[in-house]
Amino acid sequence: MISTKLSRGTVLMIRTNKHKLPKVFERFSDNNEYSRGNSDISVTSLIDSPQVFQLKKFYDDVIEEDVADQIFAILGTAVHAVLEEGASKDDIAEERLYTDINGVRLSGAIDLQSPCPDCDDGLIVTDYKTTSAWTLKYSIEGKPEWHRQLNCYAELVEEAKGKKVCALEVIAICRDWKKKDTALHNYPKTPIVRISISLWDKGRRQEYIEERLTAHASDGVACSPSERWAKPGKFAVNRTGRKSAVRLLNSQEEAEEFMSNLRGEGYSISYRNEDNIRCENNYCQVAEFCDQFKTIKGQ
C-alpha cells in the first residue's frame, strides 16, 4: 500500500540564511512551510517524479534550503495574496480539497473556483502561475505539467464537492516580461496571459491519477528525461582556434555531412553529453542523495 510509504503533514527542511538577509525572509520561510495537509500526497507531488518525492521524504531532516532561493516563492505568494483579495463573493479562493483514491488520500490547493456562466452548478478552475515570458514563448498552450495538474484538480473538485468542472485555465504572470520583446514570434503581448487548458474526460483523468499512484507506490522508479529536464546530447562540429562550436547537430551522420560541406581545414567532431538541468543545478533538492544521478555522472 502506498499509504505505508507516505506520511501526512508538513515537509521538513533545514533553513539557512547564508547571505545574511533580513530576518523578515526567515520569518517568511517559517510561516510558509509547505504542507500537503492531512493527505498522503498532493497533486503537485503526484505529477512529479516518484523518486524525488521519496528521496525528499527520506532525507527531509537533512535537506537544506537557503532563504535567498525562495525569491520566486515569495513572488508567487504575493501574487496569490493580492488575487485572493480580489475574489468575488461567488468565488472560492485558495481552497485545499481532499479525496480518497484506492486507499490513498490525495489533496490539492486550488487557487480559484468560479461559477461557470454557461451552467447553473458548474465551476471554472483557475491556477495562477508566476513564470518567465520565455516559458510562454516556447509553450504557448502552457507547459505539459500544467495540463496534468489542472486535470487532477478537476477530478479532485468533482470527487470532493460533487460539482461539475466546466473549464480549466491558467493565469500566467510573466515576471520578466519586456515590451520591446513583443515583436518576437510567440512572445506574449501582455505580462498577464490567460491560457485555456484542455479538460480531459473523466475516464482519462482517473486513469492518469491511478497510473501516477502506482508509480509512487513502486520502489526504484528512476526519473525520466523530462523529470530530469534533460537536454539530449549533441554532436559538435568544432574548428581549431574557435571556442564555440560551429554547429550542434543531433547525430554523428548529420555532423559528418555538415562538415563535408565546409571549406578549409581544422574541423573536428566531438560529442557533448546530455545535460540534466534539474539534477546538475539541484533544483530537485535531492541530487546529492540520488543514485541515478551518481550513475549518470559516472561516480
Side-chain angles (χ1 to χ4, degrees), residues 1-9 11 34-54 56-57 91-129 139 141-172 194-228:
M1 282 287 292
I2 190 172
S3 56
T4 64
K5 298 187 177 185
L6 306 180
S7 59
R8 298 183 179 181
V11 176
Y34 173 76
S35 175
R36 57 180 175 270
N38 185 30
S39 68
D40 296 312
I41 190 168
S42 68
V43 166
T44 51
S45 293
L46 182 75
I47 67 173
D48 197 8
S49 159
Q51 180 168 239
V52 168
F53 182 81
Q54 291 171 9
K56 281 185 175 180
K57 176 181 177 294
D91 295 330
I92 303 169
E94 301 297 334
E95 182 181 32
R96 181 170 288 278
L97 297 176
Y98 302 85
T99 191
D100 294 309
I101 301 174
N102 296 340
V104 180
R105 192 155 179 79
L106 176 67
S107 75
I110 299 175
D111 294 340
L112 186 67
Q113 301 165 69
S114 306
C116 176
D118 299 323
C119 58
D120 294 332
D121 199 34
L123 294 172
I124 298 173
V125 172
T126 301
D127 194 67
Y128 304 127
K129 301 289 186 186
S139 303
E141 296 180 352
K143 298 170 73 173
E145 54 264 39
W146 296 355
H147 288 256
R148 296 192 285 266
Q149 180 184 5
L150 269 291
N151 275 282
C152 288
Y153 284 166
E155 189 63 18
L156 193 57
V157 168
E158 293 189 352
E159 289 298 313
K161 307 182 83 164
K163 290 196 172 186
K164 178 183 178 183
V165 173
C166 300
L168 306 171
E169 65 177 7
V170 162
I171 304 298
R194 193 173 194 172
I195 302 172
S196 178
I197 300 294
S198 299
L199 179 63
W200 302 345
D201 63 62
K202 192 171 186 65
R204 182 181 176 186
R205 297 196 309 253
Q206 291 178 336
E207 181 180 10
Y208 173 75
I209 291 172
E210 289 174 3
E211 286 176 353
R212 296 306 299 165
L213 289 175
T214 298
H216 278 274
S218 304
D219 291 323
V221 178
C223 289
S224 66
S226 63
E227 290 168 340
R228 301 193 307 270

Side chain to side chain donor-acceptor pair (under 3.5 Å) filter on Ser226, not counting sequence neighbours, yields Ser224
- [ ] Check the side chains of Asp91 and Ser114 for a donor-acceptor pair under 3.5 angstrom, ignoring hydrogens and angles.
- [x] yes
side-chain contact (heavy atoms from CB on, under 4.5 Å) filter on Ala167, not counting sequence neighbours, yields Ile124
In short, ring-ring contact (aromatic ring centres under 6.0 Å, His included) pairs touching residues 98-128 with sequence neighbours left out are His80-Tyr128
Open item on the list: I'd like to know if Asp100 and Arg105 make a salt bridge, using a cut-off of under 4.0 Å between side-chain N and carboxylate O.
Closed with: yes
Residues passing the side-chain contact (heavy atoms from CB on, under 4.5 Å) test with Ala215, sequence neighbours excluded, are Pro50, Arg212
message = Could you check whether any side-chain N or O of Asn151 sits under 3.5 Å from a backbone N or O of Ser198, counting only pairs where one atom can act as donor and the other as acceptor?
response = yes
Here the gap from Ser45 atom OG to Lys57 atom NZ, rounded to the nearest 0.5 Å, amounts to 12.5 Å
d(Ile47 CD1, Ile209 CD1) to nearest 0.5 Å is 11.0 Å
Looking only at heavy atoms, the pair that brings Leu106 and Ser39 closest together is C-CB, 4.3 Å
Residues Cys223 and Arg228: closest non-hydrogen pair is O-NH1, 2.8 Å
Listing, residues 159-166 side-chain donor-acceptor contacts under 3.5 Å, not counting sequence neighbours, or none:
residue	atom	partner	partner atom	Å
Glu159	OE2	Lys202	NZ	3.0
Lys161	NZ	Glu95	OE1	2.9
Lys161	NZ	Gln113	OE1	3.1

List the atom pairs, donor and acceptor, that lie under 3.5 Å between side-chain atoms in residues 142-149 and the rest of the protein, sequence neighbours left out.
residue	atom	partner	partner atom	Å
Lys143	NZ	Glu145	OE2	3.4
His147	NE2	Glu141	O	2.8
Gln149	OE1	Lys129	NZ	2.7
Gln149	NE2	Tyr153	OH	2.9

**Request:** Ignoring hydrogens and angles, state whether a donor on the side chain of Ser196 or Glu169 is under 3.5 Å from an acceptor on the partner side chain.
**Result:** no
